[in-house]
Amino acid sequence: MSEAFDSNAAPPKAGPYSHAVRTGDVVFLSGQGPFDPATGAIPGPFDEQVRQTLRNLAAAAGAAGGTLADAVRVGVYLRDMANFPVLNEVYAEFFHEPYPARTTTQSGIRIEVEIDAVLEVRR
């Protein structure tokens with residue numbers, strides 16, 4: 001049985017989807033962009049866009065009972081692959097070894113990230 005979760009700490013949804021869906025110990029997080037949840041604004045510098053995107057994902061993971069440390073796969077979509085080094089620098093602030101598997105491809109917006117996570121049984 002799957003359970004859907006939404007977070008007030010993530011940007012409001014732009015359509016009929018959930019921020020996170022948990023089935024057993026596996027959590028799927030919808031892709032998030034760099035929108036400030038309170039204002040809807042997008043930070044100017046790319047490094048801040050990456051940080052905001054990952055904070056939004058952390059909020060969605062938290063709503064389902066997890067953290068970014070539970071991530072096993074990350075999909076990153078960049079508009080300009082020239083931003084790849086900045087992505088890696090900021091990414092290392094949020095993820096630590098053993099790193100989740102990751103795919104990075106080009107997209108229409110500067111950055112969007114999605115995550116699949118497996119939660120440990122917490123007692």
Side-chain angles (χ1 to χ4, degrees):
M1 181 68 69
S2 295
E3 186 175 1
F5 298 88
D6 293 312
S7 173
N8 291 332
K13 298 180 300 182
Y17 61 88
S18 300
H19 284 134
V21 174
R22 182 175 180 166
T23 182
D25 293 337
V26 179
V27 177
F28 297 92
L29 302 178
S30 292
Q32 293 290 323
F35 304 97
D36 181 294
T39 67
I42 296 176
F46 183 71
D47 63 328
E48 284 304 314
Q49 289 189 24
V50 176
R51 284 185 189 91
Q52 185 61 59
T53 300
L54 295 174
R55 285 191 294 263
N56 293 343
L57 284 159
T67 70
L68 294 183
D70 297 308
V72 295
R73 193 197 70 78
V74 177
V76 179
Y77 306 93
L78 296 176
R79 181 171 55 196
D80 184 352
M81 292 300 283
N83 288 316
F84 191 69
V86 175
L87 166 68
N88 284 334
E89 182 179 317
V90 176
Y91 187 90
E93 296 173 15
F94 289 81
F95 295 98
H96 309 285
E97 291 188 27
Y99 296 112
R102 186 176 91 185
T103 301
T104 305
T105 61
Q106 285 189 287
S107 173
I109 59 176
R110 286 188 80 184
I111 183 165
E112 181 176 355
V113 180
E114 64 181 3
I115 293 176
D116 300 335
V118 177
L119 305 183
E120 294 181 23
V121 176
R122 297 187 174 126
R123 297 173 196 228

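Just so it is clear, the structure is predicted and the values come from calculations on it, not from any experiment.
Closest approach of Val27 to Ala20, counting heavy atoms only: CG1-CB, 4.1 Å. Of all the heavy atoms in Ala82 and Pro85, the pair that sits closest is O-CD, 3.3 Å. Nearest heavy-atom pair across Asn8 and Pro37 is O-CB, 4.4 Å. Between Ala38 and Asp36, the closest heavy-atom pair is N-OD1, 2.7 Å.
Aromatic pair Tyr91/Phe95: ring centres closer than 6.0 Å.
Taking a 6.0 Å sphere around CD of Glu89, one finds it holds 12 or fewer heavy atoms contributed by other residues, nucleotides or ligands.
Between the Asn56 side chain and the Pro11 main chain, no donor and acceptor come within less than 3.5 Å of each other. Between the side chain of Gln106 and the main chain of Leu78, no donor-acceptor pair closer than 3.5 Å is present. A donor-acceptor pair under 3.5 Å links the side-chain atoms of Ser30 to the main chain of Ser18, judged by distance alone. Looking only at distances, no side-chain donor or acceptor of Glu112 sits under 3.5 Å from a matching main-chain atom of Gly33.
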As a quick check of understanding, evaluate side chain to side chain contact (heavy atoms under 4.5 Å, CB included) for Val113 and Val74, giving each step before the final call. CA-CA 7 Å; Val113 180; Val74 177; 3.6 Å; yes
Show, in sequence, the C-alpha distance, side-chain angles and deciding distance for Asn88 and Arg102, and conclude whether the side chain to side chain contact (heavy atoms under 4.5 Å, CB included) test is met. CA-CA 11 Å; Asn88 284 334; Arg102 186 176 91 185; 2.6 Å; yes
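One finds the CD atom of Glu114 at 12.5 Å from the OG1 atom of Thr53 (value rounded to the nearest 0.5 Å). From Ile42, atom CD1 reaches atom CD of Glu48 across 13.5 Å, with rounding to the nearest 0.5 Å. Here the CD1 atom belonging to Ile115 is positioned 4.5 Å from the CG atom belonging to Leu57, to the nearest 0.5 angstrom. Here CZ of Phe46 is found 4.0 Å from CD1 of Ile111. Values are rounded to the nearest 0.5 Å. The structure places CZ of Phe5 at 13.5 Å from NE2 of His19, a figure rounded to the nearest 0.5 Å. Note: His96 NE2 to Phe94 CZ = 9.0 Å, rounded to the nearest 0.5 Å.
By the 4.5 Å heavy-atom criterion applied to side chains, Thr104 and Met81 are counted as neighbours. Taking 4.5 Å as the limit, every side-chain heavy atom of Gln49 sits out of range of all side-chain heavy atoms of Asn83. No side-chain heavy atom of Pro34 sits less than 4.5 Å from a side-chain heavy atom of Arg51.
Val90 and Phe84 fall within the same hydrophobic cluster, where Ile, Leu, Val, Met, Phe, Trp and Tyr residues are linked whenever their side-chain heavy atoms come under 4.5 Å apart, directly or through other members. Residues Leu119 and Leu29 share a single hydrophobic cluster, defined by chaining ILVMFWY side chains whose heavy atoms lie under 4.5 Å apart. Grouping the Ile, Leu, Val, Met, Phe, Trp and Tyr side chains by contacts below 4.5 angstrom, directly or via other members, places Tyr99 with Val76. No path of Ile, Leu, Val, Met, Phe, Trp and Tyr side chains, each step under 4.5 Å between heavy atoms, connects Tyr17 with Val21, placing them in separate hydrophobic clusters. Residues Leu68 and Val118 do not share a hydrophobic cluster, defined by chaining ILVMFWY side chains whose heavy atoms lie under 4.5 Å apart.
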